[in-house]
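Residue numbers count from 1 along this sequence.
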Amino acid sequence: MNNRWTRDEVILALLAYCQVPFNRASNSHPWVVRIANAIHRTPAAVKMKIGNFGAFDPSLKERGIVGLSGYSKTDEAVWNEFYGRWDILLDEALNLLIKYESNSVNDLDLQTHFPKGKEIFTLSKSRVNQLFFRNTVLSSYNNQCCISGISSPLLLEASHIMPWRENEAARTDPSNGLCLNSLLHQAYDNFLFSITSSYTIDISCQFLESVSNPHLREFLISKQGRPIILPDKFLPNRDFLNEHYLRYQAISV
């Protein structure tokens with residue numbers, strides 16, 4: 001039996017790579033199980049394929065994290081084809097999910113917070129893009145707010161650095177995202193604080209003066225000039241951060 005991975009299977013594994021925290025890619029992770037069921041492979045095989053992609057990821061290399069070395073030419077070709085073109089990956093992967101999951105014998109709700117099979121047809125493209133962006137950003141930050149460290153998914157949001165309405169090409173780009181709790185997301189969108197291109201936090205006097213709770217004010221002061229918690233994958237785009245920071249400076253002066 002030929003057990004070689006097809007291009008379609010590798011594309012679905014790359015989708016899983018985006019959705020799974022790199023250091024938590026266990027055999028039982030819902031996305032690992034979901035893709036394994038769809039393509040009729042073992043979760044261990046899908047987990048290994050996710051590890052293979054880690055060998056190509058520049059964000060991991062920058063942080064000294066090394067992926068698996070046993071990758072195939074198909075793994076490398078698929079990575080090179082779709083890296084930085086996440087909207088194209090999503091379009092192709094969704095069509096494959098429809099194809100594979102429509103024929104899947106496993107109908108378990110895996111709590112992946114992403115439409116399954118034919119359910120994709122019922123959602124708008126923008127909604128699916130938002131789900132992909134949220135899942136990918138939160139998984140990159142290991143479901144942890146990059147400033148407060150809050151780790152409850154119910155309180156976390158994927159914030160666009162460059163607004164959704166302004167940069168269509170970066171709408172699904174995880175490097176255009178920050179994992180923030182809901183309060184800090186609103187504050188970031190309204191330029192009450194910013195993050196520099198060197199990943200340090202700059203909080204405006206206006207933000208500090210608006211906070212009457214002494215504990216929250218003390219917390220914000222303690223974060224001034226400190227680095228954010230960086231993601232394992234998809235480091236924030238420095239150009240996007242700098243654009244937000246320049247706008248923030250113009251408003252806060």
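- Taking all atoms of both residues into account, the shortest heavy-atom contact from Pro236 to Ile161 is CB-CD1, 4.0 Å.
- Between Glu101 and Arg34 there is a salt bridge, with a side-chain nitrogen of the basic residue lying less than 4.0 Å from a carboxylate oxygen of the acidic one.
- Residues Tyr245 and Leu241 are not in side-chain contact: their nearest non-hydrogen atoms beyond the backbone lie 4.5 Å or more apart.
- When the side chains of ILVMFWY residues are joined at heavy-atom separations under 4.5 Å, either directly or via intervening members, Ile65 and Met48 end up in two distinct hydrophobic clusters.
- In this structure, Gln186 CD and Ser182 OG are separated by 8.0 Å, a value rounded to the nearest 0.5 Å.
- Closest non-hydrogen pair, Ile147 versus Phe219, comes out as O-CZ, 4.3 Å.
- In this structure, CD in Glu62 is found 8.5 Å from CG in Leu230, a value given to the nearest 0.5 Å.
- Side-chain contact between Cys145 and Leu184: present, with at least one pair of heavy atoms (C-beta onward) separated by less than 4.5 Å.
- Between Pro153 and Arg134, the shortest heavy-atom contact is O-NH2, 3.3 Å.
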Problem set entry | Arg171 and Asn176: CA distance, side-chain angles, deciding distance, side-chain hydrogen bond (donor to acceptor under 3.5 Å, both in side chains) verdict | CA-CA 8 Å; Arg171 286 179 177 178; Asn176 186 34; over 6 Å; no
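- Between the side chain of Lys49 and the backbone N or O of Ala16 there is no donor-acceptor pair closer than 3.5 Å.
- Under a hydrophobic-cluster definition in which Ile, Leu, Val, Met, Phe, Trp and Tyr are linked whenever side-chain heavy atoms come within less than 4.5 Å, directly or via other members, Ile150 and Leu138 are assigned to the same cluster.
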For this session: List the steps and the verdict of side chain to side chain contact (heavy atoms under 4.5 Å, CB included) for Glu92 and Asn95.
Result: CA-CA 5 Å; Glu92 190 151 348; Asn95 287 329; 5.7 Å; no
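- The main-chain N or O of Leu235 is found under 3.5 Å from a side-chain atom of Ser59 such that the two form a donor-acceptor pair.
- Looking only at distances, no side-chain donor or acceptor of Tyr141 sits under 3.5 Å from a matching main-chain atom of Leu180.
- Between the Asn242 side chain and the Arg238 main chain, no donor and acceptor come within less than 3.5 Å of each other.
- Atom OG in Ser204 sits 10.0 Å away from atom CZ in Phe193 (nearest 0.5 Å).
- Separating the CZ atom in Phe82 from the SG atom in Cys18 is a distance of 11.0 Å, to the nearest 0.5 Å.
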Exercise. Step by step, would you call Ser175 with Asp173 a side-chain hydrogen bond (donor to acceptor under 3.5 Å, both in side chains)?
Worked result: CA-CA 5 Å; Ser175 71; Asp173 184 351; 2.8 Å; yes
For this session: Kindly indicate, with the supporting measurements, whether the criterion side chain to side chain contact (heavy atoms under 4.5 Å, CB included) is fulfilled by Glu81 and Ile11.
Result: CA-CA 10 Å; Glu81 179 180 356; Ile11 288 171; 5.7 Å; no
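- Listed here is the closest heavy atom pair of Phe234 and Ser140: CD1-OG, 3.1 Å.
- If you look at His160 and Phe240, their ring centroids are not closer than 6.0 Å.
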Problem set entry | Full working for side chain to side chain contact (heavy atoms under 4.5 Å, CB included) between Thr200 and Arg226 | CA-CA 5 Å; Thr200 59; Arg226 303 290 296 174; over 6 Å; no
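- Hydrophobic clustering of Ile, Leu, Val, Met, Phe, Trp and Tyr side chains at less than 4.5 Å, counting indirect connections, keeps Leu156 apart from Trp164.
- Val137 has its side chain out of reach of Glu157: every pair of non-hydrogen atoms, C-beta onward, lies at least 4.5 Å apart.
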For this session: Verify side-chain hydrogen bond (donor to acceptor under 3.5 Å, both in side chains) between Ser148 and Asn181, making sure each step is shown before the conclusion.
Result: CA-CA 8 Å; Ser148 68; Asn181 66 53; 3.1 Å; yes
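- Looking only at distances, a side-chain donor or acceptor of Asn237 sits under 3.5 Å from a matching main-chain atom of Asp239.
- A ring-centre distance under 6.0 Å is found for Tyr188 and His244.
- Scanning all heavy atoms of the two residues, the minimum distance from Phe133 to Pro174 falls at CE1-CA, 4.3 Å.
- Proximity of Pro21 to Asp232: side-chain heavy atoms (C-beta onward) are nowhere separated by under 4.5 Å.
- A salt bridge links Arg247 and Glu166; the closest N-O separation between the charged side-chain nitrogens and carboxylate oxygens is under 4.0 Å.
- In this structure, CZ in Phe207 is found 12.5 Å from CG in Asp202, a value given to the nearest 0.5 Å.
- Between atom CZ of residue Arg7 and atom CG of residue Leu14 there is a gap of 10.5 Å, rounded to the nearest 0.5 Å.
- Ile201 approaches Pro227 most closely through the heavy-atom pair CD1-O, 4.3 Å.
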Exercise. Step by step, would you call Leu12 with Asp8 a side chain to side chain contact (heavy atoms under 4.5 Å, CB included)?
Worked result: CA-CA 6 Å; Leu12 286 175; Asp8 286 357; 5.9 Å; no
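- A continuous path of hydrophobic side-chain contacts links Val211 to Ile203 [ILVMFWY only; heavy atoms under 4.5 Å].
- Partner Tyr17 forms a ring-ring contact (aromatic ring centres under 6.0 Å, His included) with one of Tyr71, Trp79, Phe56, Trp86 and no other, that one being Trp79.
- Under a cut-off of 6.0 angstrom, the local environment of CD in Glu218 is sparse, with at most 12 non-hydrogen atoms contributed by other residues, nucleotides or ligands.
- For Asn142 (side chain) and Gln144 (main-chain N/O), no donor-acceptor pair under 3.5 Å exists by modelled atom type.
- When the shell of 6.0 Å around CD of Gln224 is examined, it contains more than 12 heavy atoms from other residues, nucleotides or ligands.
- Residues Arg217 and Pro214 fail the side-chain proximity criterion, which asks for heavy atoms closer than 4.5 Å.
- Taking 4.5 Å as the limit, every side-chain heavy atom of Ile50 sits out of range of all side-chain heavy atoms of Leu68.
- Residues Leu208 and Ile251 do not share a hydrophobic cluster, clusters being chains of Ile/Leu/Val/Met/Phe/Trp/Tyr side chains in contact below 4.5 Å.
- Side-chain atoms of Val10 and Phe53, non-hydrogen and from C-beta on, do get closer than 4.5 Å to each other.
- The shortest distance between side-chain heavy atoms of Trp5 and Asp75 does not fall below 4.5 Å.
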